[in-house]
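All values reported here derive from a predicted model rather than from experimental measurement.
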Amino acid sequence: HGAPHAALVVHRADHGVHQRRRVRIALARAHSHGAALRRAHHGAPVVVLLHGLACTAYLNWFPVLGALGDRYRVVAFDQRWHGRGIVSERFRIEDCADDAVAVLDALGIDRAVFAGYSLGGFVAQETWHRHPDRVAGLVLASTSRNGQGTVHERLFFPVLAATMNPVSRHAAARVEQLAQSLPLTPDVHLTDLTSWGLAQVRSTSGWAYPEVVSAVGHFDSAPWIGEVDVPTAVVVTEKDHAIPTRRQHKLAAAVPGARVFSAPGGHVSVVLDAARWLPVFHEALDDVWARAGVDVASSTPSTGDVSAG
């Protein structure tokens, strides 16, 4: 059985260029290991899931969708330069944050909790920074305030940016070429999880990685993260080497009232250690919604194309 999707067409100005963006929305109607998932009722609270680097929405979040869909209305989509996401001239985390709010606009959703994993955590933070009235709460998983801290990183990222500047147009063209070749909706038949996962990884062009990594390296929320005024949970992966655990704890310490929820595994625990990671994530999300105390009602189209000005 295939998983119904809403293919959303969003029209927004991007650096003065009015372009047509296709953003795929998965509304918690997915298949996980062959089992159909239910979508929560219309009045349920809304959570936006933002995936990590080199992932797609499904690859990052497929272990989560089933249980979340019973209680929440879930919105997930491939971010820029990933999978079926938008391909723009350059990859900017600020644009990713605007994309997330454009999706809410098109779906008629006022506010939501934003849950971001790794890169998605940067996007979630930036979404609050740029659109605080749209964010009811934050769940920040395996992420930090910034993408660089060591001497090596402070040397590496400027060199990477200088390298990418002259080839960014070519990289964008190659990413777009692959994105256009993909079917409108991904295959969600998980009979062979390894093959499916590799196909999801390959749906993002290798040309995307240096551009996105460069943006990650230049992200820094430290100057303003202490102003966050919504309920926040930080899910710390305690054996994380990609984003060191100490940076994750520093993020939690910097956000007023943030609560820490510890998961025992490494950076890709959401997939490779899901049995231990998922209960921690669910607890964090439930905690944020309990503290937010908001009822997000919206009218979401179930299938088809919609346009937003």
Side-chain angles (χ1 to χ4, degrees), residues 23-24 26 30 48-65 76-88 90-93 95-97 99-100 115-126 140-144 146-148 153 156-157 160-161 163-164 167-168 170-182 186-188 190 193-219 235 237 239-244 247-248 263 265-274 277 281:
V23 183
R24 276 70 175 183
V48 178
L49 300 178
L50 300 166
H51 66 76
L53 173 68
C55 287
T56 62
Y58 270 118
L59 181 60
N60 196 142
W61 295 110
F62 78 88
V64 176
L65 294 175
F77 58 95
D78 291 353
Q79 298 198 67
R80 286 170 176 252
W81 286 61
H82 291 79
R84 293 161 176 78
I86 298 162
V87 181
S88 50
R90 300 302 300 263
F91 178 89
R92 298 173 68 245
I93 289 174
D95 291 336
C96 294
D99 293 340
Y117 199 94
S118 191
L119 164 66
F122 291 174
V123 176
Q125 293 173 64
E126 190 64 46
L140 306 174
S142 301
T143 194
S144 63
N146 50 55
Q148 57 176 296
E153 289 168 337
F156 169 75
F157 284 109
L160 179 61
T163 303
M164 282 305 300
V167 299
S168 61
H170 178 71
R174 295 295 296 270
V175 174
E176 176 71 18
Q177 182 180 31
L178 176 58
Q180 291 297 327
S181 72
L182 299 172
D187 178 14
V188 290
L190 304 190
L193 187 57
T194 300
S195 296
W196 176 83
L198 288 173
Q200 288 292 302
V201 170
R202 291 174 183 142
S203 70
T204 297
S205 170
W207 283 92
Y209 298 151
E211 175 77 9
V212 178
V213 168
S214 178
V216 165
H218 288 87
F219 177 78
V235 179
T237 32
K239 295 182 180 178
D240 200 322
H241 300 291
I243 295 184
R247 288 193 197 170
Q248 300 180 45
H267 193 67
V268 291
S269 291
V270 61
V271 174
L272 298 184
D273 194 20
W277 186 87
F281 177 75

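Residues Ser88 and Arg80 come closest through the heavy atom pair OG-NH1, 2.6 Å. The two atoms that bring His267 and Ala242 nearest to each other are CG-CB, 3.5 Å, heavy atoms only. Residues Ala100 and Leu50 come closest through the heavy atom pair CB-CD2, 4.5 Å. Nearest approach of Leu59 to Ala54, heavy atoms of both residues: CD2-O, 4.4 Å. Between Tyr117 and Ser269, the shortest heavy-atom contact is OH-N, 3.5 Å. Smallest separation of non-hydrogen atoms from Thr56 and Asp78: CB-OD1, 3.5 Å.
Scored by the side-chain contact (heavy atoms from CB on, under 4.5 Å) test, Ser144 finds Phe122, Ile243, Arg247 as partners (sequence neighbours excluded). Evaluation of the salt bridge (Lys or Arg N to Asp or Glu O under 4.0 Å) rule for Asp240 yields no partner, not counting sequence neighbours.
Looking only at distances, a side-chain donor or acceptor of Gln248 sits under 3.5 Å from a matching main-chain atom of Thr237. A donor-acceptor contact shorter than 3.5 Å is absent between the side chain of Gln79 and the backbone of Gly85.
In this structure, Glu126 CD and Phe219 CZ are separated by 5.5 Å, a value rounded to the nearest 0.5 Å. Atoms CZ and CH2, on Arg90 and Trp81 in that order, are 7.0 Å from each other to the nearest 0.5 Å.
Taking the six-membered ring for Trp and thresholds of 30 and 60 degrees, Trp277 and Trp61 have ring planes inclined between 30 and 60 degrees apart.
Side-chain contact between Leu65 and Leu49 is present, with at least one heavy-atom pair separated by less than 4.5 Å.
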